[in-house]
Amino acid sequence: MERLEILKTYKIYIGGKFPRTESGRYYSPKNPKGELLGNICLSSRKDVRNAVVAARKAYGDWSERADFNRSQILYRIAEMLEGRKAQFIDELIVQGVSQKAAKQEVELTIDRLVYYAGWCDKYKQIQSSVNPVSSSHFNFSVQEPTGIVGIIADANSSLIGLVSSIAPVIAGGNTCVVLASEKLPLCAITFAEVINSSDVPGGVVNILTGKRTELISPLTTHMDVNAIFYSGKETEIIKELEESGALNLKRIHSYDEDWNKESSQNLYFITDFQELKTTWHPIENVGGASSSY
Amino acid sequence: MQDKKKMSNYLIPDFTLSPRIDKVGVEERVARFQTRSIKSESKMQALKMALNMIDLTTLEGKDTPNKVRQMCYKAMHLHDVYDGLPTVAAVCVYPSMVGVAKKEVINSTVKVASVSTAFPSGQAPLEVKLIDTKFAVEEGADEIDMVISRGKFLSGEYNFVFDEIAAVKEACGKARLKVILETGELVTLDNVRKASDIAMYAGADFIKTSTGKIQPAATMQVTYTMLEAIRDFNDATGIQIGMKPAGGISNSKLALHNLVMVKEVLGNDWLTNEWFRFGASSLANDVLMQILKAETGVYQSSNYFSID
């Protein structure tokens, strides 16, 4: 008798768990050949709310971890992804990517994670500063994470765009709520499984699938979201982000990047989601060679 | 105890014969309260009602007069940027803080409740408990939250528990008496029912689930069992008793489920803060955030609400 293949139920990822959408709805995206990709959760605004609550809960622990530990965990994600390469390549092919391009995309994704893992304990050394002041103070500025970042991931790729936006955000100690690509959602949920088995605490990354037109508004108006990472160039969306982001002065960053390029990674994707804290520390002597600092 | 018997014309029953509770049945019934669909207008009304039923509480060893003053301010000014909000029902503090709290809320409708009788354990002689209670009342407490002697209850000394409650009730004078059963230590729902009956017949004005120091606290199963006891007591004697679930009700959803339960078990008469209270410290902010969400359409952040 021929064996019946067991198909995966694609669910969303909130607070380290894989619930179905609270709305109970789903949609059925198709690949360019017209084949069904699967029944995917059509998340609702309440899922956004739950995800933000989970992200806030995870924020304290994640942002206070040693930078080196965050680095280890990002590297761990890369290790896990390496082990499941074949699965991601298959999924990309199902979603209409060629065999060669799929392999390239997965490998670049792994390398990108390693790249940002390397930055975790270094970006502060490069970006922070000791500032000359004319009073008896040791004055220095250091980066701190912005908080909860809403990520609207690249609509035209399933894996590389998603990871290219998540990695720098969590490398900097933020937690995030991610809206996966609407047309190509498969890798997002499989990537959630990778995250879930990589020592990333529950709630640091939360991934939702569904309609952007429905989910962008509750995410960008949410008073507990501190920044938005938008990957794309639709002016309508950018306008909406700027408008609703003004409610609580969110940092809004829009990137029109081709994430498949090797150069689409740099330090500024991390520092865009950092706040600069300057400390004035009283000392006896003003600067100079005689200073004990 | 004798007085009350004469006054109200009812007999004290044998508490060993209190009804047994069907735990599975209670769980099924409670699950159904959680499936009610509450539409936005009713929800808004319910949220404001819940706010008005809160006993804003601080019961910690580290409480200072200023912490209490700050909480009293919050009790009267929940979120001033939004008009039309009620105040909470009361502030709940230790006896040593009653004087401070009373002075703060004197010109408002907010009442001062004080825990007493060697809260939270209740492990002190009766004389000490009575002095504790009288002190709180003299300092100006409008309500006394006493704890029952769980050790005595569990060893079957129901008369001891009954007499103790009756004695504290007498010491309360005009102050209303809430009797804390500490259901987390009573273990079974049968015991919760029995303790509720004892408390009500001994003169409680309110029965309250927990001190907030023991887990589990106010689960819906426990509250439901106590609400049924209140209903049966009301049927038998015609006397209305209040209910206060305390501890563990930290979000609006739970509060709304509780209100649904009160309405369906006891009816509208209990839906005021004279007869129903929430003992909570973090519930108020969550309810405020829900109200603001309903009003503005935007999910809120705790960053924009006072801590206490």
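Since this is a predicted model, take the numbers as computed values, not measurements. In what follows, chains carry the letters A, B, and so on, assigned in the order in which the sequence lines appear, proteins first and then strands, with residues in each chain numbered from 1. Hydrogens, waters and symmetry mates play no part in the numbers below; they use all other heavy atoms, side chains included.
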Can you tell me if [atom1] on [X] sees more than 12 non-hydrogen neighbours from other groups inside 6.0 Å?
| X | atom1 | result |
| --- | --- | --- |
| Glu264(B) | CD | yes |
| Arg49(A) | CZ | yes |
| Lys43(B) | NZ | no |
| Lys263(B) | NZ | no |
| Lys74(B) | NZ | yes |

Over all heavy atoms of both residues, which pair between His222(A) and Gln300(B) is shortest? Give the atoms and the distance, please. CE1-O, 3.5 Å
So, for Val298(B) and Thr221(A), which heavy atoms are closest and what is the spacing to 0.1 Å? CG1-O, 2.9 Å
Can you tell if the side chain of Asn248(A) reaches within under 4.5 Å of the side chain of Tyr304(B), non-hydrogen atoms only? yes
When rounded to the nearest 0.5 Å, the distance separating CE of Met223(A) from CG of Leu292(B) is 8.5 Å
What is the distance from atom OH of Tyr299(B) to atom CG of Asn50(A), rounded to the nearest 0.5 Å? 8.0 Å
